Amino acid sequence: MNKYQPQDIEQSWYQRWETNDYFAPQGDGKPFAIMIPPPNVTGTLHMGHAFQHSLVDSIIRYHRMKGDKTLWQMGTDHAGIATQLLVTEQLAAQGIRPSDLGREKFLEKVWEWKAESGGKISQQLRRLGASLNWKTERFTLDEGLSKAVLEVFVRLYEDGLIYRGKRLVNWDPVLKTSISDLEVESAEELGHIWHLRYPLTEADGAADPEHYLVIATTRPETLLGDSAVAVHPDDERYKHLVGREIALPLTQRRIPIIADFYVDREFGTGCVKITPAHDFNDYDVGKRHDLPIINILNDDATLNTSVPERFQGLDRYAARTLVIAELEALGLVEKIEDHKMAVPRGEKSGVVIEPYLSDQWYVRIQPLADPAIQAVENGAIKFIPQNTENTYYAWMRNIQDWCVSRQQWWGHRIPAWYDPAGQVYVGRSEAEVRSHHGLSADLPLTQDEDVLDTWFSSALWTFSTLGWPDNTDDLKTFHSTDLMVTGHDIITFWVSRMIMMSLKFMDQVPFHQVYIHGLVTDADGQKMSKSKGNGLDPLDIVDGISLDDLVKKRTANLLQPKMAQRIEKATRKEFPEGIKAYGTDPLRFTFYSIASSARTVRFDMNRVEGYRNFCNKLWNAANFVFMNTQDQSITGTLALSVIDRWIISAFQDTAAAVNLAMETYRFDLAAKAIYEFVWDEFCDWYLELTKPLLMATDVSPELQRGARHTLLSILEQTLRLAHPFIPFMTEEIWQQIPASIRGSGETIMLEAFPEANANAYDREAEADIVWIKAIVAGTRNIRGEMDISYARPIPVLFANGSEQDQRRLDAYRPLLTFLIRPERLAWLNPGDPIPVSATQLVGEMQLLVPMSGLIDKDAELARLDKEIVRKKTEVERAESKINNPSFVDRAPVEVVQKEKDKVQDLGHAIAQLQEQRDRIASL
RNA sequence: GGGAGUGUAGCUCAGUUGGUUAGAGCAUCGUCUCGACAAGGCGAGGGUCGACGGUUCGAAUCCGUCCACUCCCACCA
């Protein structure tokens with residue numbers, strides 16, 4: 001075998017798997033299905049994806065190997081706003097505006113773009129090794145899914161669960177569309193708060209220059225849309241003014257002073273301007289007091305015709321400047337203060353969001369939410385880890401009607417038509433609408449211009465991908481699906497809506513379990529993001545990237561070009577030599593290792609390096625196995641030595657641990673169990689212990705065959721156990737295992753996943769190996785501490801041993817000789833003279849290395865002292881427990897006995913060591 | 001303001017229902033090219049488990065208070 005070079009083996013295997021259709025559900029096993037959270041069709045793979053899909057792939061491969069009829073459903077999302085924005089930007093670069101093209105031409109461009117770049121993420125998923133069923137790949141805007149969307153919308157409408165209404169929504173003035181609460185991100189920003197004087201009116205209605213209320217606002221331009229000033233009903237300062245009027249500056253309007261409990265007396269002056277059309281709270285106040293709702297904005301956040309002419313057409317911020325200037329001229333600005341406040345920005349556009357009054361479609365959510373809450377409460381759906389269900393409950397128990405219309409072009413167009421009188425008809429098509437409502441053919445109907453929120457179609461994902469509304473075989477077989485794997489940020493957007501829609505239309509939960517994984521951050525715990533320039537492309541870890549290319553990638557297309565320099569500096573510091581090509585398997589193994597139940601997982605390149613080393617270790621171990629088994633007989637009568645029986649036994653523990661870890665989604669523990677078995681047991685001990693056996697000339701052929709067989713067999717089983725995590729290299733090595741061991745299967749992917757075999761445990765062999773390890777470790781410790789080269793043979797003597805010790809020494813002398821390189825191994829009988837020696841204890845037995853010429857007296861004294869002190873502190877601790885009557889009384893008998901045994905054993909040990917120490921000291 | 005989480009070795013993290021000498025990887029120090037592997041072998045050092053109190057025979061683990069950090073939701077104009 002060659003050196004371990006992941007890039008040599010990974011690509012070709014994936015192609016073979018896919019060509020041979022190994023990813024398709026097969027067999028008669030229990031169905032097991034996971035739907036991929038559909039990535040944006042025009043997107044690229046980021047670390048979060050790579051992490052998530054690696055986790056899912058291991059689960060899928062695990063179930064497939066277990067014999068389940070396993071489906072990992074592939075699909076992509078049309079990602080309405082994001083994709084339309086992307087294409088709009090592309091066109092802008094060519095100097096084209098969407099409005100120049102018109103709806104249809106623009107959509108053609110988007111489909112073109114999808115055709116061009118839509119395959120990218122699929123290719124990246126293949127590089128990751130994701131065993132998705134490509135053959136049934138779906139797209140949220142394909143024909144079938146569009147049919148499902150239409151069906152759902154119409155049925156909801158017919159059930160009275162969809163309605164149209166004029167409300168305040170979050171409005172993105174750049175994208176010119178409504179967006180959902182969830183797509184608004186608030187961050188603290190520094191701004192100002194203006195304290196403005198609002199003059200009271202005099203009896204004749206004119207402004208009273210002497211008497212005014214001071215109101216505080218962060219948005220002075222909205223003054224132009226004020227309908228009232230509110231005070232707290234119990235506020236003694238203002239009680240007498242309720243009912244009087246304000247002469248609203250800059251306008252000719254007079255507005256009332258009202259009393260409402262919404263007002264916080266402690267804040268500012270206790271007077272609040274009320275602008276119902278431009279603030280969610282004010283909107284509610286306005287409703288309660290039947291105030292006029294004065295919309296002062298156009299859809300691009302310029303001021304409209306309901307304000308005085310000089311403000312019309314100004315952008316909201318230009319208007320703010322002018323409003324303040326005029327108020328100052330009038331002497332109505334009391335003061336301006338710096339102010340920290342949460343500013344809502346559009347997730348996609350980054351622009352400040354306006355509450356904006358517009359006509360929108362809504363889903364009446366409560367009737368859908370109630371059963372969805374129950375499904376989690378009664379355990380039909382389980383969240384893992386369980387506390388993540390709090391996020392779900394918090395959202396669902398406070399849920400607001402869902403605004404599902406978007407003023408976009410790219411998406412599912414709302415199936416509603418209007419006649420000239422404004423009457424609305426909802427149906428599956430214009431033809432259906434006409435026939436259903438008996439409309440004459442010459443009545444002109446125009447379809448609603450809006451499209452649906454992207455999450456509307458995603459909400460149907462678990463069943464629409466399987467063919468719903470048709471009752472297909474796939475739907476019957478795989479729904480409800482078994483597991484949904486996603487990040488906690490997506491619980492509200494998606495998980496909750498899938499549960500609601502699936503219960504409504506399938507009368508089934510969409511999935512039985514939801515595994516919520518942590519968020520991948522950089523090594524400093526910072527969220528990876530384009531704007532911070534700290535993101536990593538998973539494929540750059542697989543394939544490697546030069547420092548210059550990495551810098552280029554991170555600083556390209558920044559929203560804030562100013563950041564480029566800082567990002568470049570940080571990147572050059574963090575990756576002075578770029579990133580090496582580590583390969584997919586090591587990257588994947590890293591993901592499993594860091595996937596504990598923590599809410600954030602830091603991605604640390606050092607760990608990738610460590611797990612690359614692990615893969616290399618396994619590779620080289622396989623190399624060793626093949627070297628020692630090729631052209632050698634492995635069939636015929638076999639005899640298993642103690643080391644064979646031990647490693648077989650140890651493997652069962654590992655298999656049990658990995659199975660348990662997979663059932664509980666503890667990928668880190670699965671990875672750890674495999675890592676430790678391969679490295680610490682198989683490589684460090686088993687391979688070493690087989691060497692003397694395989695090289696010996698005086699050992700029976702049966703035993704040698706047994707060792708060769710076990711080498712191959714344990715390697716083969718280990719490969720199967722590790723396959724869900726490191727699929728490529730396990731396949732590559734597995735293919736080289738002789739068919740007499742591995743069977744005639746075509747691929748490791750479809751072989752059985754190992755389970756612990758209760759009959760294969762051999763505790764006796766395990767105990768013997770523990771003994772051998774202790775002997776070897778004892779001499780190694782003396783060698784290491786005394787600085788005795790491994791090349792120099794040392795005499796090793798055993799004193800005070802039991803019969804069992806002697807039996808073991810006789811049996812394992814060749815093994816020990818190989819591992820220890822002693823000058824001799826000698827058993828001392830009681831009464832034999834004991835030379836002054838460096839000493840290690842193995843149970844009661846003393847392992848002695850005579851000091852003559854080898855060992856420094858002071859060094860050995862120091863070594864013994866250290867050991868004696870260590871044992872003494874331990875014995876003291878145990879003794880204090882035993883001497884405590886309440887411990888002896890109350891602790892379980894076996895715990896007490898354990899402490900007593902410990903004191904006794906340690907007592908003997910200390911006595912022996914002390915004796916040795918005294919002898920050496922007296923030299 | 002409401003909710004959740006985290007704090008264990010220099011760094012990143014395990015630690016399963018309270019009973020281990022508190023572990024691992026990386027890093028550090030020493031040493032070794034011995035028949036798979038220097039992307040390696042062997043040996044070693046390193047922690048009053050955030051702080052304080054409580055429950056208990058016994059606390060990293062359970063409870064309370066506090067400190068520090070993180071995230072989510074709702075936001076005071």
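Treat the numbers as computed from the prediction; the structure is a model and nothing was measured. Residue numbering restarts at 1 for every chain, and letters A, B, ... go by the order of the sequence lines.
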Cation-pi, A/Y393 ring and A/R397 (6.0 angstrom, 45 degrees):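 Yes; both conditions hold, so A/R397 lies above the ring face of A/Y393.
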Kindly confirm or rule out a cation-pi arrangement of A/R821 over A/F818, judged by NZ or CZ under 6.0 Å from the six-membered ring centre and within 45° of its axis?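 Cation-pi check for A/R821 and A/F818: passes.
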Tell me whether the OP1 or OP2 atom of [N] has a side-chain N or O from [X] closer than 4.0 Å.
| X | N | value |
| --- | --- | --- |
| A/N781 | B/A44 | yes |
| A/K580 | B/A39 | no |
| A/R666 | B/G15 | yes |
| A/K527 | B/U70 | no |
| A/R870 | B/G45 | yes |
| A/K866 | B/G45 | yes |
| A/H488 | B/A4 | no |
| A/N613 | B/G40 | yes |

Output the rounded distance in Å from [atom1] ([X]) to [atom2] ([N]).
| X | N | atom1 | atom2 | answer |
| --- | --- | --- | --- | --- |
| A/E185 | B/C75 | CD | P | 15 Å |
| A/N398 | B/G1 | CG | P | 19 Å |
| A/L660 | B/U17 | CG | P | 13 Å |
| A/D604 | B/C11 | CG | P | 13 Å |
| A/Q897 | B/G58 | CD | P | 21 Å |
| A/N387 | B/A4 | CG | P | 9 Å |
| A/I868 | B/U21 | CD1 | P | 19 Å |
| A/M695 | B/C34 | CE | C1' | 10 Å |

Taking the side chain of [X] as heavy atoms from C-beta outward, which of [options] is closest to it?
| X | options | value |
| --- | --- | --- |
| A/D787 | B/A39, B/A77, B/U31 | B/U31 |
| A/D264 | B/G19, B/A77, B/C37 | B/A77 |
| A/N281 | B/C75, B/G19, B/A77 | B/C75 |
| A/Y790 | B/A77, B/C34, B/C42 | B/C34 |
| A/K617 | B/G40, B/G19, B/A4 | B/G40 |
| A/K902 | B/U21, B/C26, B/A39 | B/U21 |
| A/Y262 | B/G25, B/A39, B/A77 | B/A77 |
| A/N390 | B/A4, B/G19, B/G40 | B/A4 |
| A/R780 | B/G19, B/G43, B/A77 | B/G43 |

By the 4.0 Å heavy-atom rule, please label [X] as base, sugar-phosphate, or nothing.
| X | result |
| --- | --- |
| A/K340 | nothing |
| A/W679 | sugar-phosphate |
| A/P885 | nothing |
| A/R602 | sugar-phosphate |
| A/C683 | base |
| A/E894 | nothing |
| A/A342 | base |
| A/K881 | sugar-phosphate |
| A/H339 | sugar-phosphate |
| A/L669 | sugar-phosphate |
| A/E785 | sugar-phosphate |
| A/Y611 | nothing |
| A/N616 | base |
| A/T391 | nothing |

Using the rule side-chain contact (heavy atoms from CB on, under 4.5 Å), only one of A/I336, A/I215, A/I324 pairs with A/P220; which is it?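 Checked A/I336, A/I215, A/I324 against A/P220; only one passes side-chain contact (heavy atoms from CB on, under 4.5 Å): A/I324.
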Check this for me: does any side-chain nitrogen of one of [X] and [Y] sit under 4.0 Å from a carboxylate oxygen of the other?
| X | Y | value |
| --- | --- | --- |
| A/D226 | A/K273 | yes |
| A/D235 | A/R237 | yes |
| A/D260 | A/R288 | yes |
| A/R197 | A/E334 | yes |
| A/K866 | A/E785 | yes |

What interatomic distance, in whole Å, is found between [atom1] of [M] and the corresponding atom of [N]?
| N | M | atom1 | answer |
| --- | --- | --- | --- |
| B/G23 | B/G30 | C1' | 23 Å |
| B/A74 | B/G19 | P | 42 Å |
| B/A39 | B/A60 | C1' | 35 Å |
| B/U16 | B/C63 | P | 14 Å |
| B/C26 | B/C42 | P | 12 Å |
| B/U55 | B/C13 | P | 35 Å |
| B/A38 | B/U31 | C1' | 13 Å |

Just name whichever nucleotide pairs with B/A14, Watson-Crick or G-U, keeping both distances under 3.5 Å, else none.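 B/A14 is paired with nothing.
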Look through every strand shown and name the nucleotide pairing with B/G7 as Watson-Crick or G-U wobble, where both distances are under 3.5 Å.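 Pair assignment: B/G7 / B/C67.
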If you assign A/K898 and A/Y4 each to the RNA chain B nucleotide with the nearest heavy atom, which residue ends up on the more 5' nucleotide?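 It is A/K898, whose closest nucleotide lies nearer the 5' terminus.
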If I take atom CD from residue A/E681 and atom CG from residue A/D653, how far apart are they, to the nearest 0.5 angstrom?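 It is 9.5 Å, given to the nearest 0.5 Å.
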Just to verify, what does A/H192 make a ring pair (Phe, Tyr, Trp, His ring centres under 6.0 Å) with, not counting sequence neighbours?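 With sequence neighbours excluded, A/H192 shows a ring pair (Phe, Tyr, Trp, His ring centres under 6.0 Å) to A/W194, given in chain and number order.
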